[in-house]
Asks: 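My questions will all concern the structure given below.
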Amino acid sequence: MAPRIALAPDPHGPGGRLRPLDDAGTPLGPPEPVPDLAAAVAAREAAEHPRWVWAAADSGYAPLLPRLPDRLARCHDLRLVEALLLAHEGRFGAPRSLGAGWARLHGLPVPADLPEPGSAEADDGQDTLFAPDRLQLPPGTDPLAAVVAVHAEQQRRLAAIADPAARARFRLLTAAESAGALAAAEMADDGLPWSVDVHDRLLTELLGPRPTVPGTQPRLLAELAVELQRALGGRPFNPDSHSQVLRAFADAGIPLASTRSWELKTIDHPAARLLVRYKELSRIHVAHGWAWQDAWARGGRFRPEYVVGGVVSGRWASRGGGALQIPRILRRAVVADPGWLLVVADAAQLEPRVLAALSQDAGLARTAAGGDLYEALAATAFQGDRDKAKLGLLGAMYGQTSGDIGPLLAILRTRYPAAMGYVEAAARTGEDGGVVASRLGRPCPPASADFLDLTEAPETAGDAGGRSARARGRFTRNFVIQASAADWALALLAALRRRLAELPVATAADRPHLVFFQHDEVMVHTPANLADAVAAAVEAAADEARRLVFGDTPVRFPLSTAVVECYADAK
DNA sequence: TAGGTGGGCGCC
DNA sequence: AAAGGGCGCCCACCTA
C-alpha cells in the first residue's frame, strides 16, 4: 500500500500544507507547511510515490503540472469518490464538494455544488471569483483539516461495504476514477497533436477558402445553397431552417416528414442529395471549422477539457471543443510531432464482450474468446450472416423492438439464454423502478420524473406509465453494459498510465504520454523508438483491466492497435 | 435581448 | 403495431 499524503494549497501564493495519513485516514503527524507546494510534491513523489489525497484533481493538479518533473502516480479525488459513495448509498446526485462532505460530517447545512465552469449557470456572478477551488467550505474552515476528515470518513464508508468482493471492486473503481482524473488533467495539459495546416487544407478542399469576413459562409457552401434553391424552383430559403426546407420541398411536390438525412437519402431527387451534402459540409464548418480551430487548436495542439464521470455510466464527457465527437474526416489533422508516432488502440466489439463476461454465458463467451465476435456469432447462430448477428446483438443490448429484429432476438434467446437473461433481468429491474449497477459497482440514477415523457399525445395514465417504464427498462438494460464497459476502459487507462510511467526514458520530455481517450479507444503520443514498447504496454494494460474487472473469465478483450504518424491511418 | 427547447447530427 | 442506449454542439424558433 502506498502511503497517503493529504495536501491543500494555500489560498494565495505558491505554498501549501501536507499531512501524511495511514490507510484509514488517521494523521501520522502534524500538518507540514511548505513554502513551495509543487517542489514539495515533486520531492515526496520521487521519494515515496504516495497516494495524494486532495479535494479534486481537476482544480488541484493542473496548476502543479507545469512545475512537476514527473507525473504523479496516484491520487484519491475526494469529489469523485464522494459522488460514487453517495450514489452507492442511494443518495445519487447529492452535493459532492469537499464542503458538502464536511457539512454532512458536522451536521451543518449542505451547500449545493457550484455549477460546472462553462455551463449556462456558471456566469451568474462572483461566486467563482471567491471560490476558484469550488470547495464550498464554510468561511474560516481549514481546508487541510477538511481534506483529512472527509477522506477518513470516505475510507470508513468504503470499509463498511459488507461483501468483500464487492468492496474490493468498488475500491478499484474509486482508484481508477481518481487515476482517470490525473490522466484527464494531463491530457488537457499536453493536448492532442493537431496540424493546423492539414486542417486548413481539408477545410479549403471541402468548403472553399477561409472567408475573409468572419461569419460569412465559405464559397462552396454558399454555392451549394444556391444550387439547392434552384433544384427546388429557385425561390430563396434558408437551408438551415427546418420549416423553410420542409416548405420548399413541399412546394416542389416532395412531401417530407422531417429533414433528417436518413429520410432524405431515401428520396430520389437532386435536391435531396444536395441538401444531404449541404448538411454534411455545414456541420463541419460550424462545429469543426476555422472558428473551432481558433478557439481550440491553436499552436499545434487541440486542448479539450475532459469531464471525468461526466456521463452517468462512467464514461467521460467533454466541455467545449467537442473532443469526443471529432468527425472521422478530420482525423487527418491529428499528426504526430516529427520523430514521434501515435499508438492508437481501440477495443474491438467491447460491449458484447462485456455482456459475455458479465453474464458468464458459456456460449457467448466462446464467441468472445478472440477474433471477430460477430463473425463467430454468425457462424454459430445466423448461418454466417454477420450483419444479422450484429444487428441482433446490438438490439438486445439497446432494447430495440422495432424493425425485423424479433426473429433475431428469438434466436439469441435460444442460443444464449444466460446472456439474454442478464439484459432482460436488468430491463425488468428498471421497469419496476429499481436501480442497477456496473460490474465495479457504479450505480445508475434512480427512477425519477425524468423518465416520464409528458410531451406525448394525450393518452391514459396507464399508457404513459407503461411507456415510461419501458424507457427506463431500456436505460437500465443498456446501463449494465455501457457502465461495465466504462469500468473496463477506466481500468485500462489507469493501468496504461502506470505502465507508460515505468518505461525507461532519458528525460521526462521523451516520455510517451496519453493524448486521447474516447470510451473504448486510447491514443499515446510517443517517440518513434518507443512505439513498440507502448503498443505492448497497451496490450498488457488491456489484459490487466480484464483481470481486475472481470476476474477469471474466458472472454478476451482484443485491441486493434495501430502505430501511425496520422490518426486517419489507424484502421 | 436572453434563455429555453427541439431538430438534427457528430462520436461511442 | 412498435418507441434503440449514452453524450455535446449548433441552429432556428419561441417565449418572456
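Throughout, protein chains are lettered first and strands after them, A, B, ... in sequence-line order, and every chain is numbered starting at 1. What you are looking at is a predicted structure, and each value in this text was computed from that prediction instead of being measured.
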Asks: Any chance CD of A/E280 has more than 12 other-residue heavy atoms, nucleotides or ligands included, within less than 6.0 Å?
Replies: yes
Asks: Between C1' on B/dC9 and NE2 on A/H285, what's the gap in Å once rounded to a whole number?
Replies: 17 Å
Asks: Could you state the atom-to-atom distance from CD of A/E305 to C1' of C/dC9 in whole Å?
Replies: 15 Å
Asks: Taking Watson-Crick (N1-N3 plus N6-O4 or O6-N4) and G-U wobble (N1-O2, O6-N3), each under 3.5 Å, can you produce the dot-bracket string of DNA chain C? Use [ ] for crossing pairs and | for inter-strand ones.
Replies: ....||||||||||||
Asks: Quick check: do A/I329 and A/L206 have side-chain heavy atoms less than 4.5 Å from each other?
Replies: yes
Asks: Do side-chain atoms of A/R353 reach the backbone of A/A348 as a donor and acceptor pair under 3.5 angstrom?
Replies: yes
Asks: Does A/Q349 use its side chain to pair, donor to acceptor, with the backbone of A/L373 at less than 3.5 Å?
Replies: yes
Asks: Could you list by number each residue of residues 257-283 of chain A showing a heavy-atom separation from DNA chain C of less than 4.0 Å, or answer none if no residue does?
Replies: A/R283
Asks: Check for a donor-acceptor pair, side chain of A/T476 on one end and backbone N or O of A/G473 on the other, with a separation under 3.5 Å.
Replies: yes
Asks: Please report, rounded to the nearest Å, how far the P atom of C/dG4 is from the CG atom of A/L409.
Replies: 11 Å
Asks: Could I get the full list of salt bridge (Lys or Arg N to Asp or Glu O under 4.0 Å) partners for A/R301, not counting sequence neighbours?
Replies: A/D337
Asks: By nearest nucleotide on DNA chain C, pick out whichever of A/Q400 and A/V312 is the more 5' one.
Replies: A/Q400
Asks: Could you check whether any side-chain N or O of A/Q400 sits under 3.5 Å from a backbone N or O of A/I405, counting only pairs where one atom can act as donor and the other as acceptor?
Replies: no
Asks: Looking at DNA chain B, which of residues 182-201 of chain A put a heavy atom within less than 4.0 Å of it?
Replies: none
Asks: Determine whether a donor-acceptor pair (N or O, by modelled atom type, separation under 3.5 Å) exists between the side chain of A/Q518 and the backbone of A/L324.
Replies: yes
Asks: Can you confirm whether A/I284 sits close enough to A/L203 that some side-chain heavy atom of one is under 4.5 Å from a side-chain heavy atom of the other?
Replies: yes
Asks: Taking only Lys NZ, Arg NE, NH1 and NH2, and the carboxylate oxygens of Asp or Glu, determine whether A/R319 and A/D58 approach each other closer than 4.0 Å.
Replies: no
Asks: Is any side-chain heavy atom of A/D77 less than 4.5 Å from a side-chain heavy atom of A/E177?
Replies: no
Asks: Would you indicate which nucleotide in C/dC7, B/dC11, C/dG5 comes nearest to any side-chain atom of A/A317?
Replies: C/dC7
Asks: Atom CG of A/L350 to atom P of C/dG6: distance rounded to whole Å?
Replies: 18 Å
Asks: Enumerate the residues from residues 236-247 of chain A whose closest heavy atom to DNA chain C is under 4.0 Å, giving them by residue number; use none for an empty result.
Replies: A/N238, A/D240, A/S241, A/S243
Asks: Taking the inter-plane angle between the rings of A/H199 and A/W194 on a 0 to 90° scale, is it parallel (under 30°), tilted (30 to 60°) or perpendicular (over 60°)?
Replies: perpendicular
Asks: Checking all strands, does A/I284 fall into the base, sugar-phosphate, or nothing category for heavy-atom contacts under 4.0 angstrom?
Replies: nothing
Asks: Hey, is the side chain of A/T401 poking within less than 4.0 Å of OP1 or OP2 on C/dG4, counting only N and O atoms?
Replies: yes
Asks: Given atom CD of A/Q325 and atom P of B/dG10, what is their separation to the nearest angstrom?
Replies: 11 Å
Asks: For the pair made of CZ in A/R319 and P in C/dG8, what is the distance, rounded to whole Å?
Replies: 10 Å
Asks: Could you report the tightest heavy-atom contact between A/R442 and A/D487, atom names first, then the distance?
Replies: NE-OD1, 4.5 Å
Asks: Going by heavy atoms closer than 4.0 Å, what residues in residues 517-524 of chain A are next to DNA chain B?
Replies: A/Q518, A/H519, A/D520
Asks: Are A/F479 and A/V435 side-chain neighbours, meaning at least one heavy-atom pair lies under 4.5 Å?
Replies: no
Asks: A/Y398 stacking on C/dG5: centroids under 5.5 Å, ring planes under 30°?
Replies: yes
Asks: Output the distance between atom NE2 (A/H242) and atom CZ (A/R260), rounded to the nearest 0.5 Å.
Replies: 9.5 Å
Asks: Report yes if the side chains of A/W290 and A/P218 come closer than 4.5 Å at any heavy-atom pair, otherwise no.
Replies: yes
Asks: When we call it a touch if two heavy atoms are under 4.0 Å apart, what does A/G310 touch: a base, just sugar-phosphate, or nothing?
Replies: nothing
Asks: Would you indicate what A/G395 reaches in the nucleic acid, counting non-hydrogen atoms under 4.0 angstrom: base, sugar-phosphate, or nothing?
Replies: nothing
Asks: CZ of A/R470 versus C1' of C/dA1: gap in Å, rounded?
Replies: 11 Å
Asks: Side chains of A/D197 and A/V335: closer than 4.5 Å at any heavy-atom pair?
Replies: no
Asks: Going by heavy atoms in the side chains, are A/V515 and A/V334 under 4.5 Å from each other?
Replies: no
Asks: As a test of reading the structure: which of C/dG4, C/dG8, B/dC12 is closest to the side chain of A/R315, going by heavy atoms?
Replies: B/dC12
Asks: When you compare C/dA2 with B/dC9, how far apart are their C1' atoms, in angstrom units rounded to a whole number?
Replies: 24 Å
Asks: For the pair made of CD1 in A/I481 and P in C/dG4, what is the distance, rounded to whole Å?
Replies: 16 Å
Asks: So, is A/S402 near the phosphate of C/dG4, with a side-chain N or O under 4.0 Å from OP1 or OP2?
Replies: yes
Asks: Would one find a side-chain N or O of A/R328 under 4.0 angstrom from OP1 or OP2 of B/dC12?
Replies: yes
